[in-house]
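Written below as structure tokens is the structure these notes are about.
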Protein chains: 2
Amino acid sequence: MKPKIEDVAKLAGVSPTTVSRVLNNRGYISQKTKDNVQKAMNELNYFPNDLARSLFNKRTYLIGLILPTTSNPFFGELTFHIENICASLGYKVLLCNSLNRIDKEEQYAEMLMRNQVDGIIVGTHNQGTFHYHKQNLPIVAIDRYFSNTIPVVGSDNYAGGKLATEHLLSKGCKKIIHFNAPLQIEAPGQLRRTAFEDVLKKHHMEPVTYEIETPLGHEGQKEVIQKAFGEIPDVDGVFASNDLIAAVVINEAKKRGIDIPNRLKVVGYDGTETGKIMMPQLTTIQQPIDLIAKTAIEILRKEIDGEFGTAPYETQLPVTLLEGKTT
Amino acid sequence: MKPKIEDVAKLAGVSPTTVSRVLNNRGYISQKTKDNVQKAMNELNYFPNDLARSLFNKRTYLIGLILPTTSNPFFGELTFHIENICASLGYKVLLCNSLNRIDKEEQYAEMLMRNQVDGIIVGTHNQGTFHYHKQNLPIVAIDRYFSNTIPVVGSDNYAGGKLATEHLLSKGCKKIIHFNAPLQIEAPGQLRRTAFEDVLKKHHMEPVTYEIETPLGHEGQKEVIQKAFGEIPDVDGVFASNDLIAAVVINEAKKRGIDIPNRLKVVGYDGTETGKIMMPQLTTIQQPIDLIAKTAIEILRKEIDGEFGTAPYETQLPVTLLEGKTT
DNA sequence: CTGAAAGCGCTTACAG
DNA sequence: CTGAAAGCGCTTACAG
């Protein structure tokens, strides 16, 4: 059996109250009993039961993290940073891969509530889920709008879309197409598309966007891309809404013997560490993943600590153009 | 305030005991009171507090997952599969990114114990950490040897190393070098190296292995690779112990104007989804990540359910050669 | 400086 | 079929 506070107390010849006090370094305790208790704890290899503590304190130091999937390098890296920062602050992360499925999201939301998490970070697609679940549980969204009471953190998607599109134009592209997630998803990511359209219109060019499902449904993605190449044979520029899509585009172009960057220029989005290593040649818009993680947690902590209204409703972090050899 | 069982009981006009019974579907209860209680729960938007439940049941359905970092696509995908399977079985995942740092691992191990996890899955480097922490807490290791009481799950590393090396030989390589993690790390992954050496020796060739740190310390990795190119200018084959290293090798070769696959052939290791999309041309040894996850959880569950001795000490899952255009 | 008592929100024998 | 009581392992007023 695991030792409990009572066992330590007995061994040290004190009351459980006293053990608890040295555990929490609270109230006055003589150095002598302190030492005694410490010795007893070591001897028994005692570790406090955080469940019992949390039950009493109504504070678990547990954070729920809901994302589409850590298989995607963007989310894998985001998860790393979030967990890492949380750990440094004494928080623990309960991981949830929702695959953007609303049924899973709902299950996860309930699970997190039952586990009394102190707060939730959501980076998943579907909105609405949290409207009713949220019984003033601190939440912060990453790159997703849920409601106007839930703060959103993300990178400056409009600037990113603009940067990408203008870059393609500056490189001489005349026929640019964009691949993005379906419109019904109300993510700030759609601003990339808006920026793309705005810039092209300003240059009197017709913006064409193909919608593509984002979870790694590789096959479906390929089809859309093939269709695009078929319908717009004179395409000479592609702005992909993430690096994986850019990779598929590049590969498809290679198969068709289309030279990159001479006949076709491609800009991706995300600029993950993995992407930079695996595709060092890719021109892409880099998101500050670590900063997104840091900011989201800062805002969540403020909410948890009851500092409402302090956090900005929306935070847009700066993006960078990483110029490679695909443009 | 969150409603508790007592509130539901009052509203439904029954005792807490009865509410608990309908919650757990336990013992005899009339359909009528069952309905009453259900109605009261809905009305109050009641969710049971799993902390309190777990405290009593001594079962949290929490699994600790310790890995180097989800930033690495192999671990990002492994994490996804593990969490996904856990969720389908009613388990929740507490994520820990140790970065292979022994101090972090120790902290995480203690944290997991305090949180009363039902079991731990470790895919991290350092051994020894769990020798004393482990007070018969169910543990399963992924590709790491800890002690002979902790089951290990991984892919067939020897077969993988053999497959990779023989493939390079069959493609006519005469001077093959291998990049792997430092030897002191006692991971089954070292079997890839052993296989490499065995095969080359059998063919009367001298095996050369360069040691490379695995966490994404990109810069350090690059240096080792540059050094290798400098020292062995006639290298015509590389077996890299993961796809990220393979990517750096390929990039370095390109910079030096070394044509792949004509002058240099490269085989990677892992074959992640991300890798397959970002580097579709790479020849690599694919690990069955989903199977590794599934097997690890199966074994852990057996341990949790007290079926000791049932689980094999070591499980080696089959690997596949994915032939691309780099060989 | 230290301890006995009550309580965090739940569950399960034990009665009835 | 239903309820009162005790307890999971901890903590915190309240006394002393």
Side-chain angles (χ1 to χ4, degrees), chain A residues 1-38 40-41 44-62 110-118 135 137, chain B residues 1-38 40-41 44-62 110-118 135 137:
Chain A
M1 232 29 259
K2 280 179 202 155
K4 42 187 179 179
I5 230 173
E6 204 191 316
D7 302 315
V8 178
K10 270 183 192 149
L11 185 62
V14 296
S15 75
T17 309
T18 302
V19 177
S20 172
R21 269 197 279 262
V22 350
L23 225 36
N24 296 288
N25 216 326
R26 227 170 170 289
Y28 297 85
I29 359 158
S30 73
Q31 190 57 48
K32 199 181 145 200
T33 51
K34 216 183 232 175
D35 293 344
N36 274 340
V37 170
Q38 283 291 3
M41 295 201 299
L44 295 175
N45 200 234
Y46 171 78
F47 291 100
N49 182 328
D50 274 353
L51 247 46
R53 272 184 190 213
S54 297
L55 182 59
F56 186 94
N57 293 324
K58 293 165 177 307
R59 194 90 145 68
T60 55
Y61 289 93
L62 234 33
E110 185 178 326
M111 179 277 273
L112 294 175
M113 291 198 52
R114 284 167 173 254
N115 281 276
Q116 315 299 119
V117 295
D118 290 345
Q135 359 202 45
L137 180 60
Chain B
M1 230 30 260
K2 280 180 201 154
K4 43 188 179 179
I5 230 173
E6 203 190 316
D7 302 315
V8 178
K10 270 185 193 147
L11 186 61
V14 296
S15 76
T17 309
T18 300
V19 177
S20 171
R21 268 198 279 261
V22 350
L23 225 36
N24 295 288
N25 216 326
R26 227 170 171 287
Y28 298 84
I29 357 157
S30 73
Q31 191 57 47
K32 199 181 146 200
T33 51
K34 216 182 232 173
D35 294 345
N36 273 342
V37 170
Q38 283 292 3
M41 294 201 300
L44 294 175
N45 200 235
Y46 171 78
F47 290 101
N49 181 329
D50 274 352
L51 247 46
R53 272 185 190 214
S54 297
L55 182 58
F56 187 93
N57 294 325
K58 293 165 177 308
R59 194 91 145 67
T60 54
Y61 290 93
L62 235 33
E110 184 178 327
M111 179 276 273
L112 294 175
M113 291 198 50
R114 285 166 173 255
N115 282 274
Q116 315 298 118
V117 295
D118 290 346
Q135 359 203 46
L137 180 61

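Values below: all heavy atoms of this structure, side chains included; hydrogens, waters and symmetry mates excluded. Sequence lines set the chain letters: A, B, ... in the order given, protein chains first and strands last, and positions in each chain run from 1.
- Remark: the backbone N or O of B/D50 is paired with a side-chain donor or acceptor of B/S54 at under 3.5 angstrom.
- Within residues 11-19 of chain A, the residues that have a heavy atom under 4.0 Å from DNA chain D are, in order of number, A/T17.
- Contact between the side-chain N/O atoms of A/K58 and the OP1/OP2 oxygens of C/dG9 is found at a separation under 4.0 Å.
- The nearest whole Å value for the distance from the CZ atom in A/F56 to the P atom in C/dA5 is 17 Å.
- Across all strands shown, A/R21 has heavy atoms under 4.0 Å from base atoms, whether or not it also approaches the sugar-phosphate.
- B/D35 pairs in a side chain to side chain donor-acceptor pair (under 3.5 Å) with only one of the listed residues (B/K32, B/Q31, B/Q38), which is B/Q31.
- Each of A/L23, A/N25, A/N24, A/T17 was checked for a side chain to side chain contact (heavy atoms under 4.5 Å, CB included) with A/R21, and the lone residue meeting it is A/T17.
- For the pair B/Y28 OH and D/dT2 C1', the computed distance is 14 Å after rounding to whole Å.
- The CG-C1' distance, from A/N24 to D/dG9, rounds to 13 Å in whole Å.
- Counting heavy atoms from C-beta outward, A/V14 and A/N36 have side chains that stay 4.5 Å or more apart.
- Among the heavy atoms of the strands lying under 4.0 Å from A/T33 are primed sugar atoms or P, OP1, OP2 only; no base atom is included.
- Side-chain nitrogen and oxygen atoms of B/S30 include at least one within less than 4.0 Å of the OP1 or OP2 phosphate oxygen of D/dT2.
- Of all heavy-atom pairs spanning A/L11 and A/L44, the tightest one is CD2-CG, 3.9 Å.
- The heavy-atom pair separating B/A40 from B/A12 by the smallest distance is CB-CB, 3.9 Å.
- The separation between A/Q31 atom CD and C/dT2 atom P is 11 Å, rounded to whole Å.
- Between A/D35 atom CG and C/dC1 atom C1' the separation is 15 Å, expressed in whole Å.
- B/N57 places no side-chain N or O within 3.5 Å of a backbone atom of B/R59 that could act as its donor or acceptor partner.
- In DNA chain D, consecutive stretches of 3 or more Watson-Crick or G-U wobble pairs with both distances under 3.5 Å are given as paired ranges: C:1-3 with D:14-16, C:5-12 with D:5-12, C:14-16 with D:1-3.
- When side chains are defined from C-beta on, B/T18 counts as touching B/I29, because their heavy atoms get closer than 4.5 Å.
- Two residues are said to be in side-chain contact when any heavy atoms from C-beta on lie closer than 4.5 Å; B/N49 and A/Q116 meet this criterion.
- Smallest separation of non-hydrogen atoms from B/N115 and B/L62: O-CD2, 4.0 Å.
- Residue B/Y46 places at least one side-chain N or O under 4.0 Å from the OP1 or OP2 atom of C/dC10.
- Nearest nucleotide to the side chain of A/I5, out of D/dC8, D/dA13, D/dT11: D/dT11.
- Among the nucleotides D/dG7, D/dC10, C/dG9, the one closest to the side chain of A/N49 is D/dC10.
- Nucleotide D/dC8 holds its P atom 8 Å from the CD atom of A/E6, rounded to whole Å.
- Residue B/K4 contributes atom NZ, which lies 11 Å from atom C1' of C/dC10 at whole-angstrom precision.
- For the pair A/R26 and D/dT12, the criterion of a side-chain N or O lying under 4.0 Å from OP1 or OP2 is met.
- Of the listed nucleotides (C/dT2, C/dC10, D/dT11), C/dC10 has the atom at the smallest distance from the side chain of B/A52.
- When the C1' atom of C/dC8 is taken as reference, atom CG of B/L51 falls 10 Å away, rounded to whole Å.
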